[in-house]
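Just so you know, these numbers come straight off a predicted model, no measurement behind them. Lettering of chains follows the sequences in order, A, B, ..., and the numbering in each one begins at 1.
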Amino acid sequence: MKRSKQPTIVDVASEAGVSIATVSNVLNRRKVPMSPETIRKVEEAVVRLGYRRNVMATNLSRRRSYELGLIIPHFGGYYGRFAEKLEQKVHSFGYHLSVFSAAGMDPVIEKRHLEHLLQRRVDGLVSHGLAMSMESTQQLVGEGTPLVIFNGWGWPSEIVKLAVNLDFAKASTEAVQHFLANGCRSIIYAGRRKGMGANEQRIKGFMAGLGNNAKSTVHALLDAGELGIEGTLEEALRISGEQRPIGIYTFNDALALELLAVCHERGIRVPEDVQLIGMDNELFSKASFPSITSFDMPVELQTSLVAAFLMRQIGEDLDEENTQLLEEYLPRIHVHELFIDLEMIVRKSTTT
DNA sequence: ACTTCTCCTTCGACCCACCG
DNA sequence: CGGTGGGTCGAAGGAGAAGT
């Protein structure tokens, strides 16, 4: 399909009767002194010809693409919100964000996305800690592409300069302590996918929350992916025996909601017999009956930090607000990981 | 097979007229 | 002569097309 030639800066210059550089100055460099007459001629020519800047040529000239890449596990829930917020943040710096999903961690697709982003000469990359392999990340960093990881634990410092992580471990500790304070005599963690970083963090925090109560309190770590929803509830009931109430802390709100539905089906009372705490603070956790206690994900703060740090790595000037943000948070980095607190939203699933 | 041109824009270097 | 305003010039950039 051959397209008719679009007007270029050359056409505008010829139409306005000035040089190409003058057109460029009028359109982009307002600080260069120019007569009002020249500005008027150029602007009129632009309108007459319907000129639109050619971004590819601009990038070629600037040796920058002003494009950033984001790789996330999928587009749902928290990740969708993260992408939307980050898009807004980087846009305020004059950057465009291209978002890709890792499509269930398929290494072939991951490589294809990565290659595509590199061919597009992205100026920086943001990746979820699970969405990219160590090998791909190493390649990226080796080529000098600035990279910020979010929700990635245990990455080697020589690869990752900063990982902006939500403190799932701390939140999980808080969840367990909330159950204990509510008098739960059995506490269960229902997770997803063994070996996943975010899951491991939750388990770590879960055990820390039990602390000295680990011996006296019935507790277990279940894999809901393996057991299924019904199987998870059955196993929780079996392990708990006569101990009530049972506190079930789930990997996310979706899982908590599914468990809630099964409890309703079986006539198990929530929160009297089973208490539930989810994660993500999805809209439905507030709308369900009873509403589900959950943790709010500070996406606003997390994306602000990711954007500000990435911009600093790229060499962009930060405004006062972003400078202050980095000054406040960067001293809190441990090795290269920054932890952000989640806020527990207590609802009816844990209050009698 | 190899070299040169073309695409389009930016930006530092440079030019010229004018003024005090 | 030096400073300033209002411009222009030309190199650079990566990759595909065109020319030799």
Stem ranges for DNA chain B, with three or more consecutive Watson-Crick or G-U pairs under 3.5 Å?
-> B:1-20 with C:1-20
Would you mind telling me which of A:D296, A:T293, A:D253 makes a side-chain hydrogen bond (donor to acceptor under 3.5 Å, both in side chains) with A:N281?
-> A:D296
What integer distance in Å separates A:I9:CD1 from C:dA12:P?
-> 19 Å
Taking only residues two or more places apart in sequence or in another chain, which ones pass side chain to side chain donor-acceptor pair (under 3.5 Å) with A:H336?
-> A:S157
Quick one: is B:dT9 close enough that its OP1 or OP2 comes under 4.0 Å of any side-chain N or O from A:Y66?
-> no
Does the side chain of A:N151 pick up a donor-acceptor pair with the side chain of A:Q302 at under 3.5 Å?
-> yes
Does A:F82 have its ring centroid less than 6.0 Å away from the ring centroid of A:F150?
-> yes
Would you verify whether the NZ or CZ of A:R202 falls within 45 degrees of the ring axis of A:F251 while also being under 6.0 Å from that six-membered ring's centre?
-> yes
